[in-house]
Each structure stands twice: as structure tokens, then as C-alpha cells.
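Reminder, nothing fancy here: chain letters follow the sequence lines and each chain counts from 1. Keep in mind it's a predicted model, so treat the numbers as computed, not measured.
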Amino acid sequence: MNEKPILTGFAASQGVAEGRVKVVLDPHKIPTFKEGDILVAKVTEPSMIVIMNKAAAFVTDIGGITSHAAIIAREIGLPCVTDTKNATRLLKDRMRVRVDGTKGEVYRL
Amino acid sequence: MKRLTYPKWIDAYTKSMHQAFVGMTPADWGPLDFNQCFRALNGAFIEKLHEAIVQIKRKKIPAGEVARHFLSPSGFRAVFYFAVTEYAFSDHTKRAQAREVFDFFNGVLGRMFKKDIWAYESNVIHSENEVAALIRRTPWTKGSSDSARLVARLGNSASALSYALYRDYYVAESQEVYGPYDASSHFGPHHILVIKHYPKMRPIALWPQARTFRHADKKLYLIYEGVKMKCEFIGMHTRYEGDLMSGLRKYAVEIDGVFYNDPKAIKKKTEYIGGLAVKQWGLYRSMSKQDLKMKFLEWMCWSCRPLFELAGTDTGPSDTMMRNLKRARIADRIKMPAMMSYRKYLKSRDWEAYWLKDLYTK
């Protein structure tokens, strides 16, 4: 694992999870999403609820401690990093990452 | 220097609002720039509220009675904020009217909540006796990490449907989190009760297709040990300290008055409600900007429908509201940067912390 995070943001929900990235750019076009994937989006929206219930962690470009992604993540005990500014640009589909929701950091594996 | 003399509630309100925005921002809300909508209205909804309040007062309906008719106290709190925002963006010609509306809302909120009416830390509408009775009559199921996740997913699906029905500004209409309530006398030290309530989930007047929705009301009762919870301005903006997964000791799921404790049944409900949320969300794709503007007005009026009904005034948008919004240019999203510091916020003419005091002083 690279020791330096490739992304940092707001530590919105504690915990650590590893998985493959799935970037969702259009909330109206939800891609195939496997159990344990890492959901990466500009912001999360309710249309993503089905994949949010399958994800291992959430990473978003924007959002604070009471943003949609942060609230949902804390409710189901998943790590969440918000306000990374450019997660949807830097993270690519199928990239393996570790999301540290306690520190607000994302590492490439 | 002019000395400002203003009601004390303004300090409590502005402090709580600032905290809420610090928690929410940076943000990207939709499906319209609601601030532009409030600006376009130029006080037309405040006028409608005022008309209703005059009638309520004429009929001598007490604030407690008004409070009793609102199923979403946080939604009412949010409506207060929207009225304040609308006034902030207006031409400020109706100062006395605005003050009367704000004072009335403050009075009703004072009857809705047992403490902390601006939800700086909590969202408490139940008395100790009510909590004790509720704990006694609830058929509890033993909690575990698995059941915590199961119930949380049901809540998330309900939350998603709520967002899909009311979108980002009116979501508090159908999502409440009440608490924290001390449950230590029933369950032992360091136990709290948190109640999640999803009312108004079949709003046929807003969305005719909701007629087919199987459920209108969902409640989750959760007993945690070693968990601290707080709310920020609206109930659903919760923050917790402690592990919600391992800390869940008991839970109960109530849908339209029926309690469910079979995990399979709860999972089925979760999938059904999640499916409705996705379908409901899809409806926005076929809506034009004008449709969305009218929907915004419907949401706005819906949020105060009990008030209009009690007053006997029209429950729909006024002609002025429709005219003002129809001709306005409104962006698709509202993008909010990170919130400024509390010191700057207090002195900023753009925020209510500054001008609300001014409104009451002049």
C-alpha cells in the first residue's frame, strides 16, 4: 500500500474499508455495483440508495458532517470521506483503495 | 454606536443555524436554486403566512393547538428558516408583517419542544412521562450488530423515499429523529432512546401516484448503550459518538401501527421502500423547469398546510407567488461553499444573525 494518501477530505464517518472503486457520475444512470465496492460520487443522492446499501464505504467530492452520504454512512456503520474536492476525477473504476473514515484519507492499494 | 435590543431567541436561533450550515456545507442541493426562488417570491409566502396567522389569532386558536397539528416539528423549524431567508432576500417593505410571522413561529416552536427549541443539541418533543409510557408499551426485540445494520438500512430506504418526495429543502417534512431520551431507568445506566419517524410518506396531494404506496408512516425505536446523540437544527441532522452497530441493545420497527421483528420482513420492506425511492426520483427527469418551480410552491404550501387549514385560508400557492416565480430565472442547483466563522457570520449583512437583530430593533 502507498503510505501517502491519494486523497484527503473530511472524516465524516469512522472506520476503515477496502474495495474496488465504482464512480457514479450521473445519479440517473446507476452502474452495476457489487457488494463491497467503494461508492465514489460528487454527492450521493437517494436514487443511489440501492447501491449505498451494498457499498463498503463512500467517498464524495463535496459535503459536510451532516451531508446525505455522511448521515447514511454513520447510520450503517460505514467509513465515509466527504469534501475531497476531486475524488470523482482522481479515482477510477476498479482501482483498489482503502478508505479511512476516521482520518479522512483514501489510499491506493 | 447604536445599541440593538432584540428578542433573546435570535441569539439561540442564529447560533444553531450557524452550526447547521457548518455541518452541511460545502453543499450542492437541488432540484432548483431555492435561494433564488425565495428571492423571486419577494415576501409573497410570508404574506400568505401572515394572512393565516391573523385568522388563527382572530379565532383565538392557542399556539399549543397549532403545534399539535404539525407531524414534523423539524419541518416547521425549517419553514421558519425559509421564511427568514425569504424575508432576507425581499425588498424589506413588510417589516411588521415579517416580525409577526417570526414571533408566531417562535411561539409555536416553544410549544412543540420540551427544550432546546432551535435544536442546538437535541430534538426533544416527548416529556419524561411520555417516554416512560412509550418504552413500556413498545414490543422490543434484542439488538445486535446485524440487526443494527438491518434496521439502519430500512431507515436509509425510508430516508431515500423522503428525499425523493420532498427533495433537499423540504425533506424534514417526512424525516424526524427525536432524542436523545434517557432510558437508563428502564434499561440500565448509559442507555438512550432514539426515535426515527418518517411521517407523510404517502402525500397524494403532492404526488398523485403516491396513492399506490403501501405505507404512509414508519417509526424506528432504538435503544443504545454507550452512544451519545445530538441533532443540528433539524432532527435528521444527527451526530453520534459511540458505535451504533455494537451499541444497539433493543429495537422496534413500527409501520402504519404494525410492529415487525422478523428480519426477512424488515428486509422486504427495505427493498420495497428503496425501490419506490428510486422510481420516485426518476420522475424529476421528465419535469420541466416550470414544473419544478410549481412543485417548489406546492412543497412550500404543503409544509404549512395544517396552519392554513386551521386558519381556514387557501392551502395552495397564491397568484402572486405563482406570478413571481414563473417569470424568474432560477438555476438548477444551489451550491454553498464552506461556512464562514461564527465571528464573521455575526457581522455579515448577508446572514440573519446580523439583520434579524436590526429588524427587531428599528
Contact part of [X] toward chain A, heavy-atom cut-off under 4.5 Å: side chain, backbone, both or neither?
| X | answer |
| --- | --- |
| B/Ala338 | neither |
| B/Thr270 | side chain |
| B/Lys279 | neither |
| B/Ser157 | both |

**Message:** Going by salt bridge (Lys or Arg N to Asp or Glu O under 4.0 Å), name the residues that satisfy it together with A/Lys85, two or more places apart in sequence or in a different chain.
**Reply:** A/Asp83
**Asked** Taking side chain as C-beta onward, heavy atoms only, is B/Met201 less than 4.5 Å from B/His215?
**Response** no
**Asked** If you measure only the distance, is there a donor-acceptor pair under 3.5 Å linking the side chains of B/Ser147 and B/Ser144?
**Response** yes
**Asked** Salt bridge between B/Glu298 and B/Lys295, side-chain N to carboxylate O under 4.0 Å?
**Response** yes
**Request:** Taking only Lys NZ, Arg NE, NH1 and NH2, and the carboxylate oxygens of Asp or Glu, determine whether B/Lys219 and B/Asp217 approach each other closer than 4.0 Å.
**Result:** yes
Quick check for you: among [options], which has the greatest number of heavy-atom pairs under 4.5 Å with chain A?
| options | value |
| --- | --- |
| B/Gly155, B/Gly30, B/Ala152, B/Ala277 | B/Ala152 |
| B/Arg153, B/Met336, B/Gln280, B/Met245 | B/Arg153 |
| B/Asp168, B/Val22, B/Asp28 | B/Asp28 |

**Asked** Taking only residues at least two apart or on different chains, which pairs with a member in residues 46-68 of chain A satisfy salt bridge (Lys or Arg N to Asp or Glu O under 4.0 Å)?
**Response** none
Heavy atoms only, distances under 4.5 angstrom: which of [options] has the most pairs with chain B? Name it, please.
| options | result |
| --- | --- |
| A/Ala70, A/Gly77, A/Ser67, A/Ser13 | A/Gly77 |
| A/Val50, A/Val43, A/Ile71, A/Asn53 | A/Asn53 |
| A/Pro46, A/Ala12, A/Gly15, A/Gly64 | A/Pro46 |

**Request:** Could you tell me which non-hydrogen atom of B/Tyr260 sits nearest to which non-hydrogen atom of B/Ile266, and how far apart they are?
**Result:** O-CD1, 3.9 Å
**Complete:** So, the part of A/Ile62 with a heavy atom under 4.5 Å from chain B: the answer is both
**Message:** Using the rule side-chain hydrogen bond (donor to acceptor under 3.5 Å, both in side chains), only one of B/Glu232, B/Lys230, B/Glu176 pairs with B/Asn123; which is it?
**Reply:** B/Glu176
